[in-house]
Trainee: 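Pasting a structure here, questions to come.
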Amino acid sequence: MECDLKKRIEKDDFGADVFTLDRMEKRLGRDEFEALCATLNEGKPLEFSVAEAVARAMMDWALERGATQYTHWFLPLTGSTAEKRTGFLELDGISGRPLASFSGKSLIKGEADGSSLPSGGLRATFEARGYTTWDCTSPAFIKRDSAGRGCLCIPTAFCSFDGAALDAKTPLLRSMEALNRQALRVLRHLGDKTTRKVLPTVGGEQEYFLIDKKHFLMRKDLIYTGRTLFGSAPAKGQELSDQYYAATPQRVLKFMHELNERLRLMGVPCKTEHNEVAPSQYELAPLFESANLAVDHNQLTMEMMRRVADEQGLTCLLHEKPFKNVNGSGKHNNWSLLTDGGINLLKPGKDEQSSRRFLTFLIAIIAAVDEYASALRMSCATIGNEHRLGGNEAPPQIISVFLGEALQNELEQFCSGSSLPIHHKERMSIGVSTMAELFRDDDDRNRTSPFAFTGNKFEFRMVGSSQSLGLPNTVLNTIAAESLKRIADALEGGEQLSSVLASMYREHERVIFNGNNYAAEWLEEAKRRGLPLVDNTVDAIKSLGEERILELFASHGVMSRQEILAQEEIALQNYVTAGKIEAGTMLRIVRRSILPACVGYCERLANSLRLLEQVGVEDRSQRIMLTRLSGEMSKCLSAADELEDALRRFDCSAESMRDHLKPRMEDLREAVDRLECMIDKGLWPLPSYGEILFSVT
Ligand code: ADP
Ligand code: MG
C-alpha cells in the first residue's frame, strides 16, 4: 500500500495531461526536436517545418488523450483567461470525408477577433483583429470539463494587428528576457563564465474563501461583484484565531483532494494547504516554477478552484475582500532568481564567491524596490485590493523591505568595509534533550512587511487574491533588471564592486524596515524617511504614466509607452466599471429587497400594536421599535437617493468614483447594516455573515 502510494506520487499521472518536452521528444524527429530546443533555450525563431511537425505530434497526442478540440489559451487584460475552442475536424475538399487536422500555422498563429476584450485604445473595433502566438516556453495541456471531456490548450501571447501587447503574458516574457540579459552581465563581472540563463522563479500562495453555493445564489451582490455589499458583523468572527491552521472541515478536504487531482493531471504542483485566519478561508501553496509557468499555473488553479467548488455544491470566492471586517485574501508572490546551473542567486553565501554574488543581487533588489516602489504599488492597485491593503490584515500601502536584524547587520558591516559575511546557521535549543537539534531559520516570520526577505527568496505580499500574477512579476523583473544594469554599467566603467554596492546600499537603505508595519508609528517614521505613501488605488494606477516609469519599461523593451498608457487606461476603466456595477447592485437590492422587507416588519409591528390596543394592553416597547425602525428606514432611503443622484451625475472618471460615489456607497451600506440588526431574521432577504461563514463543516 505504502509502496503503491509512493509510486503514485512519483510518477503515475503527474502532468499526464501536459504535452511535455519528453513527450515531444518521443514523437518528433531528432532534427525537429533539436530545432525546437534551440528555440526554447536560445530564443531562435521557430522554423515553419518544425511547427508543422510539432502541431501534428500535439494533435495525435491530444486525440489519444480524448481531446477533440483545441484553443489558444491566453491572458487578456481582464485579469482572467480567454479561449475560443476549435475542433480538429476538417472536411476533405474533394470527397467531403471528415479528417482530423491541425497545422503548424494554426499552432503558431491564431486569429482571435476578441474585439470586446480591453485594448486601452491600442486597436479600434473596426480593425479589431487580435492575434495569438504560441508561447512554446509554457507547454500545451489538456483541460477537462466536469465530465472529463478535454480540450487542448495552447498557451499563447495576445497582440494587436501591429504587434502591441494586449495581454499579461507578452510583457512578462519580455521582462524575463530583460532580467536575464542584465543578470548575465553582472554574473560575468563576478567571474561566472558558465551560466547561460537566469530565470525568475515564482511560487504564488493563493488564499480563497469557500462558502455554500446555496448562500451564494441567494446574494446578488456576490453573484455580480464577487463581494458582499451589505452584511453586519456576526457575534463571533475570527477573534479567537480558532480557524487558523485548524483541522480542515470534511467538505473542504473533499474539495482540496479533488482540486489537487485535477491540477496534478495538468502538471500544476500543489504543495501545502491550510485553514487561513478568517472563518471559511483557506490557502494553497504550489511548488515554485519559472515565472511564466507559475503565472499560467496560478490562473489555472483559480479556474479549477471555481469549477471544483461548483461541482461540489460550494462556491469559491477569490475576491480580495468578500466580507467587511473579516480578513481578506491575498496572493503572496514568492520570487527568486535561478541559474540554469541550479544556483539560487538569493541564497546567502557559504564562501567568499557565493557571498559576493548574494550581496550583489540582494542590494540590487533593495535598491530597485526603493527606487520603483510606486511601480510595485501600482502592480497591485485594483478596486478589490483597495479594501485590503492597509487594513491591518495585509501590508500597508507604504512599500518597505524586511531583511531581519541579522542580515541587515551583515550588510551594514560589509558596506562599512568589513569582510564578506559568510553564512552559518544558528543553533537553537528548545530545552528537551530527546528532541533533535534545530537550526534557526534565517527568515523572521514578520508577517506585516509588504516585501520580505524569507531566507532565499523575497515574498511580495501586496498582490490581491483575484489578480493575475503577470503584472506584479513583470514589474519585479523589470525593476531588478534596471538595478542590475546600473551595477553592470558601473563595473564596466571601471568602478570597484564593493564601492558600487556600498553606495547603492547607502542610497537606498531607507527602504529597509524590520519592525511592525501595522503600527501607527511606522507611518510617521516612513514619512520622515521620505518614503512614498500612495493611499488610494487611483493615484497608484496613475503612477504608470510618470515619465520615469514610462522610461523604465520602454528602455528594457518590456512595454512601449503606448502599451503602458493603454494598461493605465484599462486599469482605470476597470476601477470605474466595477464601481458602477457595485453601486447599481446596491441600489437594486435596497429598493427591491431590503426596504420591502423592512416594510413587512413595520406592518407586523403595527398590526401587533393594534391588536394589543384592541385587547387593552398598553405596550411601549413595540411602539419604540416601530419608531426606531421607521427612522432608520428614512436614513436608508435618503442614502439610496443620494447614491442614485450621484450615479446620475457621475462623469465616469476614476477620481469621482473614488471621491463621490464610493463614500455614498459606504453610507448606504452602513444604513442597511443597521437595519439588518433591527428586523426579524426570518424576513431579512440576504443570508447573514454568520450563516455564510460558519456553515461549511
Ligand atoms: P509561508 O507560508 O511561510 O510563506 P509556504 O511554505 O506556505 O511558506 O510558501 C512558500 C512559497 O514559496 C511556496 O509557494 C514555494 O513554492 C515558494 N518558494 C520557495 N522557494 C522559492 C524560490 N526559490 N523562488 C520562488 N518561490 C519559492
Ligand atoms: Mg507566505
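Note that ligands are numbered from 1 as they come in the structure, with each ligand's atoms numbered from 1 the same way. We number each residue from 1, following the sequence as shown.
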Trainee: Do P286 and ligand 1 have an N or O pair less than 3.5 Å apart?
Mentor: yes

Trainee: When you compare the side chains of N514 and Q408, does any donor N or O come within less than 3.5 Å of an acceptor on the partner?
Mentor: yes

Trainee: Find all atoms of ligand 1 within a distance of less than 4.0 Å from any non-hydrogen atom belonging to T201, and give their numbers and elements.
Mentor: 22 (C), 23 (N), 24 (N), 25 (C)

Trainee: Hey, does N456 come in under 3.5 Å of ligand 1, counting only N/O atoms on both sides?
Mentor: no

Trainee: Are more than 12 heavy atoms from other residues, nucleotides or ligands located less than 6.0 Å from atom CZ of R188?
Mentor: yes

Trainee: What part of T454, side chain from CB on, backbone N/CA/C/O, both or neither, has a heavy atom under 4.0 Å from ligand 1?
Mentor: neither

Trainee: Classify the angle between the aromatic ring planes of F323 and F209 as parallel (below 30°), tilted (30 to 60°) or perpendicular (above 60°).
Mentor: perpendicular

Trainee: Does atom CD (E412) have a neighbourhood of more than 12 heavy atoms from anything else shown, all under 6.0 Å?
Mentor: yes

Trainee: Output the list of atoms in ligand 1 that are nearer than 4.0 Å to some heavy atom of E459, sorted by atom number.
Mentor: 4 (O)

Trainee: Parallel, tilted or perpendicular: which one describes the rings of W73 and F141, with boundaries at 30° and 60°?
Mentor: perpendicular

Trainee: Could you tell me how the ring of F458 sits relative to the ring of F453: parallel (under 30°), tilted (30 to 60°) or perpendicular (over 60°)?
Mentor: perpendicular

Trainee: For E205, is at least one N or O under 3.5 Å away from an N or O on ligand 1?
Mentor: yes

Trainee: So if I count the atoms of ligand 1 from 1 in the order they appear, which ones are less than 4.0 Å from some heavy atom of L287?
Mentor: 16 (O)

Trainee: Could you check whether atom NZ of K347 has more than 12 heavy atoms from other residues, nucleotides or ligands sitting under 6.0 Å from it?
Mentor: no

Trainee: Which ligand 1 atoms, with their elements, are less than 4.0 angstrom from a heavy-atom of N344?
Mentor: 23 (N)

Trainee: Should one rank K457, Q206, H274, K347 by closest heavy-atom distance to atom 19 (C) of ligand 1, which comes out on top?
Mentor: K457

